[in-house]
Amino acid sequence: MSDPLVRSKRRFAGVAVSATAAAVALGTVLSVSTTANAASTLGASAAATGRYFGTAVAAYKLSDTVYSGVLDREFNMITPENEMKWDATEPSQGQFSFTSADQIVAHAQAHGQRTRGHALAWHQQQPGWVASLSGTALRNAMINHITGVATHYKGKIYAWDVVNEAFSDNGDGSRRQSNLQATGNDWIEVAFQTAHAADPGAKLCYNDYNTDGVNAKSTGVYNMVKDFKARGVPIDCVGFQSHINSASPVTSDYQANLQRFADLGVDVQITELDIAGSGTAQADTYARVVQACLAVARCTGITVWGIRDSDSWRSGDTPLLFDNNGNPKAAYTSTLNALNAGGSSSPPTTGPTTGPSTSPPTTGPPTTGPPTTAPPTTAPPTTAPPQGGCSASVSVNQWNGGFVATVTVTAGSSAVNGWTVGVTLPSGAAVTSSWSATGSGTSGSISYSNVSYNGSLAAGRNTQFGFQGTGTGPSATPSCTAR
Ligand code: G2I
């Protein structure tokens, strides 16, 4: 079933943003300065439609101040590039090693970023000891590995790539032959069930490459996801790596492919985006990918696979958004402009996993003007809520001593032009930083108000803001007041 939200593009007020949207639609990349209506970083701009913008990070580069400066300014989701893989986290059987991955997760938590876990089960980057195992011994080793890693990071991971790259490229949509596949065709669902048992709050994803359009491989994955949903295997999301070059281009059905997966009732995410090339051609392709995600309500975020071109696993292709000095490229500008042009809001991260079953109202705004009579001189009754109003929900990642809270603000049956969300922290808790909203204080009862770019929400649409702090995060449902 096609999601009605897809056809309804979110609009921001402001001439500069509209011009940007028009330019992007024409396939032209302009360097448009940001305005009060447009967020000026990738993360903030993605957050305006309830999405994230992330990057792969290498722990050993965090001490590079150019690298971490761009990371913390632009990105609000981090995927450890190698540090959570099997060879890194369990170099000897049963001996877990989390030092580098912990460093990345701590960095993310300290900077208000979330973490995508990558990858629990994969035929590559296996430690040497796995090669001697097969059958039940390998299956049990996989279960033990997933349990060990997912338990260590329980509550700290937004989404896990539970299984990575399990389908073949041979054009028939079949599974890839691997030692894990040889343990039995049910290894993938066992991996998901194991991850769910260890970290029930995380979203659980299947992740692959060359699945970015409608093709035999993506259809193989599609059929697996459909089967998993039908049988209640706990899968929440599908990652599309999107390593783009001339041999693997962005096809005209890129968006339709994301949508057909979303229509199965899973979130979709672009998980390892990089695009070979330079200049306008590269910039235009980045904009196309961003537009496709923004047009799919369940496309909840985009991750690029590295920060500077020199950080890329294929640096010769100069495939990223920043040059070797950390300066933004044309591709950065086109990506930011495409994000600022908006799209359908992503669904809340909490609550039911299926979308709303009712369509949004199809009637337009009232065509009559404002009343011409003088305003009443008595105060309006304080009990009547604003028409439609808004609601808020909070999801908290809690760890020993601190938390990150993500709040989803959803407009009611009418558009809102500003919102204030009331959050109550337990005693002893204190907010250390917040994003995409302005808070009235740091402890007790705090009012968070929208910032310039995320106050306007069409009826039924949502946006997100967040804050992190020490102590215990909020547990009660926040209040929401619309303007
Ligand atoms: O190959 C690109 C990506 C395809 N999808 C899954 C991703 O996990 C994968 O990422 C790449 C990393 O970007 C590379 O950095 O995965 C490669 C293999 O795991 C990573 O390369 C490895 C090298 O093969 C190792 O020799 C090296 O020790 O990076 C390691 C750490 O630098």
Side-chain angles (χ1 to χ4, degrees), residues 54-64 67 71 75 77-91 97-105 115-131 145-146 149 153 157-169 175-176 178-181 188 191 195 204-212 217-218 221 237-248 250 268-277 289 301-322 324:
T55 183
V57 161
Y60 73 92
K61 293 177 184 165
L62 288 171
S63 56
D64 173 339
Y67 183 85
L71 170 64
F75 298 98
M77 184 72 76
I78 290 179
T79 304
E81 186 172 359
N82 290 298
E83 291 79 353
M84 285 187 179
K85 292 173 180 174
W86 199 342
D87 60 347
T89 50
E90 197 183 359
S97 164
F98 295 117
T99 310
S100 296
D102 282 356
Q103 205 186 332
I104 293 178
V105 173
T115 306
R116 286 191 95 263
H118 172 82
L120 293 172
W122 187 24
H123 65 283
Q124 282 187 21
Q125 298 298 110
Q126 295 178 350
W129 58 266
V130 170
H145 176 71
I146 292 171
V149 177
Y153 291 108
I157 301 296
Y158 163 72
W160 282 107
D161 288 333
V162 177
V163 170
N164 196 38
E165 302 176 1
F167 278 72
S168 81
D169 294 300
R175 296 281 186 88
R176 174 190 299 281
S178 72
N179 58 347
L180 293 168
Q181 180 66 28
I188 297 182
L204 304 180
C205 303
Y206 176 80
N207 189 53
D208 214 329
Y209 67 90
N210 283 350
T211 49
D212 309 316
K217 186 173 180 181
S218 65
V221 177
C237 36
V238 177
F240 299 83
Q241 294 184 9
S242 302
H243 294 293
I244 306 297
N245 59 20
S246 54
S248 184
V250 177
V268 294
Q269 297 155 2
I270 296 164
T271 50
E272 303 183 12
L273 179 63
D274 52 17
I275 299 173
V289 171
I302 299 171
T303 294
V304 289
W305 205 241
I307 298 177
R308 302 162 300 197
D309 283 334
S310 50
D311 297 316
S312 172
W313 67 294
R314 48 175 184 155
S315 56
D317 288 342
T318 61
L320 295 174
L321 299 177
F322 295 88
N324 295 354

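The shown structure was predicted, so the numbers you read here are calculated from the model rather than taken from an experiment. As the structure lists them, so they are numbered: ligands from 1, and atoms in each ligand from 1.
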Worked verdict on Glu272 versus His243 for side chain to side chain donor-acceptor pair (under 3.5 Å): CA-CA 7 Å; Glu272 303 183 12; His243 294 293; 2.7 Å; yes

Protein non-hydrogen atoms only, distance under 4.0 Å: does [atom] have such a neighbour?
| atom | answer |
| --- | --- |
| atom 23 (C) of ligand 1 | no |
| atom 27 (C) of ligand 1 | no |
| atom 15 (O) of ligand 1 | yes |

Protein contact to atom 13 (O) of ligand 1 [nearest heavy atom, distance to 0.1 Å]: Glu81 OE2, 2.4 Å

Closest protein heavy atom to atom 25 (C) of ligand 1, given as residue, atom name and distance to 0.1 Å: Gln125 NE2, 4.7 Å

Given [options], which one has a non-hydrogen atom that is nearest to [atom]?
| atom | options | answer |
| --- | --- | --- |
| atom 30 (C) of ligand 1 | Asp87, Asp311, Asn82 | Asn82 |
| atom 9 (C) of ligand 1 | Tyr209, Trp305, Tyr60 | Trp305 |
| atom 11 (C) of ligand 1 | His118, Gln124, Lys85, Glu272 | Lys85 |

Mutual orientation of the aromatic rings belonging to His145 and Trp86 [parallel < 30°, tilted 30-60°, perpendicular > 60°]: parallel

Sole candidate of Asp212, Asp169, Thr211 that passes side-chain hydrogen bond (donor to acceptor under 3.5 Å, both in side chains) when paired with Lys217: Asp169

Among Asn207, Asp208, Thr271, the one residue meeting side-chain hydrogen bond (donor to acceptor under 3.5 Å, both in side chains) with Asn164: Asn207

Close approach, Arg314 and ligand 1, non-hydrogen under 4.0 angstrom: no

Contact (N/O only, under 3.5 Å) between [X] and ligand 1:
| X | value |
| --- | --- |
| Glu165 | yes |
| Gln241 | yes |
| Trp313 | no |

Do [X] and [Y] come close enough that some side-chain heavy atom pair is under 4.5 Å?
| X | Y | value |
| --- | --- | --- |
| Leu71 | Leu62 | yes |
| Asp161 | Cys205 | yes |
| Gln241 | Glu165 | yes |

Taking 4.0 angstrom as the limit and counting only heavy atoms of [X], give me the atoms of ligand 1 inside it, by number and element.
| X | answer |
| --- | --- |
| Trp122 | 6 (C), 8 (O), 19 (O) |
| His243 | 3 (C), 4 (C) |
| Asn164 | 6 (C) |

May I ask you to decide if [Y]'s main-chain N or O and [X]'s side chain share a donor-acceptor pair within less than 3.5 Å?
| X | Y | answer |
| --- | --- | --- |
| Ser312 | Arg314 | yes |
| Gln181 | Arg175 | no |
| Trp313 | Trp305 | no |

Per-residue contact class, Asn207 against ligand 1 - non-hydrogen pairs under 4.0 Å: neither

